[in-house]
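The analysis underlying the following values was restricted to heavy atoms, covering all of them including side chains, and did not include hydrogens, waters or symmetry mates. Keep in mind that this is a model prediction, so the values were computed, not measured.
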2 protein chains.
Amino acid sequence: MTDERALRADARRNRARVLEVAAEVFATEGLSVPVHEIARRAGVGTGTVSRHFPTKEDLLTAIMSSRLVKLTEEADEIARREAPGTAFFALFTALVREGASDCGLAELAGTDRRLDALGERAGADLCGRLQSLLAAAQQAGDVRADVGYLDVRALMSACMSRREDPLEPILGVVIDGLRGGTSG
Amino acid sequence: MTDERALRADARRNRARVLEVAAEVFATEGLSVPVHEIARRAGVGTGTVSRHFPTKEDLLTAIMSSRLVKLTEEADEIARREAPGTAFFALFTALVREGASDCGLAELAGTDRRLDALGERAGADLCGRLQSLLAAAQQAGDVRADVGYLDVRALMSACMSRREDPLEPILGVVIDGLRGGTSG
DNA sequence: CTAGAATCGGGATGGTCATCCCGCTTGTTC
DNA sequence: GAACAAGCGGGATGACCATCCCGATTCTAG
């Protein structure tokens, strides 16, 4: 933040361009795209990428964490405004839509530990919100009591994997199912 | 089959041992385990593995296809005996349980194309049965009409990913959800 | 415009893996 | 039990990547 001033103008430009290209590439082609390829498309050398982001993970964190923070704020906003059940399903749906439109995020959300570990706390914060809202929704009887957080994560990931295909059917199935047959 | 006689006795033994070890290893640790490691655990050289199975994919096919054939027969059996809706959910559940107890199979089922492409037809046959039963169940009004085969695959994969954890909750969610709220 | 530091590019390095190859060993046959 | 083919082991090869490094370049201060 404060040392952004310390970067030479061209360096700052390159850094921004790498971030932009990487976000685009990860979103459309997933996380397995080589760093080399990102550098190529950004029109810089691989050295430039790895100086700004020593590790691929660092690059990923730089891209995702602001996004996760935003989603976390959104989650808090929803939690404040809505009843527990409504809030949980609203967050679930929002996360699914976010992941469905971003291949990289969906991959991240797919393997449990990966998302939670991202950034200093960004990933863990967001996951915590989902977990809290789940608990609250179950408390309120709006979500079946027997499902666990990891069940929800697995179902979320399944929905995300449908990508740009119509999400309504699978979201419908999962949300109905989570509500349980009894509360109608 | 017929050329099994043509193998020298020790070669046949080695081949069997490799198959056995690979099945175990893939099941418990997933498909990313190096061939090298399978050879090591089987107590043979890597050359021995790749002579019997020139490609890792060949090894995988040898392990899985008999299993897939058995599941396909089971599917036919179920389809013959049960009403469409019952049959579909029974197959779905059976596949989930199978995948949940075998990390490798779950991985295979996770990426759409991978399972269908396995073996000469083994994978495609099984997938075809699932697809047919889905259609029949939808025809009979036992499964929501708006879900597609790929939605079912995604949900199946999500259930499998819960591994040895209790499957009832997530299976309950998915099956209830697939039935839809209307048909009671 | 010039010196000097910050950056750059992309080749070098090191690690992981599947697959191939070949000199050596072992089973099989007569 | 000898000869020979079948099979063995594991090192060699080649692909693919992330990450590191350093001589060459470009920015910026003065």
| Can we say A/Asp176 and B/Arg144 salt-bridge, meaning some charged N sits less than 4.0 Å from an Asp/Glu carboxylate O? | yes

Enumerate the protein-to-nucleotides 27-30 of chain D contacts in which both atoms are nitrogen or oxygen and the separation is below 3.5 Å.
residue : atom : partner : partner atom : Å
D/dT28  : OP1  : A/Ala9  : N            : 3.3

Next on the checklist: Would you say that more than 12 heavy atoms from the other residues, nucleotides or ligands in this model lie under 6.0 Å from the CZ of B/Arg121, or not?
Outcome noted: no

Are there over 12 heavy-atom neighbours, none belonging to B/Glu29, within less than 6.0 Å of that residue's CD? yes

Residue pairs meeting side-chain hydrogen bond (donor to acceptor under 3.5 Å, both in side chains), one or both in residues 42-54 of chain B, sequence neighbours left out, come to none

- prompt: Can you find a side chain N or O atom of B/Ser50 that sits less than 4.0 Å from OP1 or OP2 on C/dC20?
  reply: no

Picking from C/dG10, D/dG11, C/dT7, the nucleotide nearest the side-chain atoms of B/Thr46 would be D/dG11

Between CG of A/Leu59 and C1' of D/dT19 the distance, given in whole Å, is 13 Å

For nucleotides 16-18 of chain D, give me every protein contact, N/O to N/O, under 3.5 Å, one pair per line with atom names.
residue : atom : partner : partner atom : Å
D/dA18  : OP1  : A/Lys56 : NZ           : 2.8
D/dA18  : OP2  : A/Val35 : N            : 2.9

- Item | Cation over ring face, B/Arg129 and B/Phe88, 6.0 Å, 45° | no

- [ ] State whether A/Asp116 and A/Arg153 are salt-bridged, where the test is any N-O pair (Lys NZ or Arg NE/NH1/NH2 against Asp/Glu carboxylate O) under 4.0 Å.
- [x] yes

Interatomic distance, CG@B/Leu95 vs CG@B/Leu115, rounded to 0.5 Å, equals 8.5 Å

Quiz item: When you check the gap from the basic side-chain N to the acidic O, do A/Arg67 and A/Glu98 get nearer than 4.0 Å?
Solution: yes

Rounded to whole Å, the CZ-P distance (B/Arg51 to C/dC20) equals 12 Å

ask   = Between A/His52 and C/dT7, is there a side-chain N or O to OP1/OP2 distance below 4.0 Å?
value = no

Is there a side-chain polar atom (N or O) of A/Asn14 under 4.0 Å from OP1 or OP2 of C/dT7?
-> no

Out of D/dC8, C/dC8, D/dG9, minimum distance to the side chain of B/Val44 belongs to D/dG9

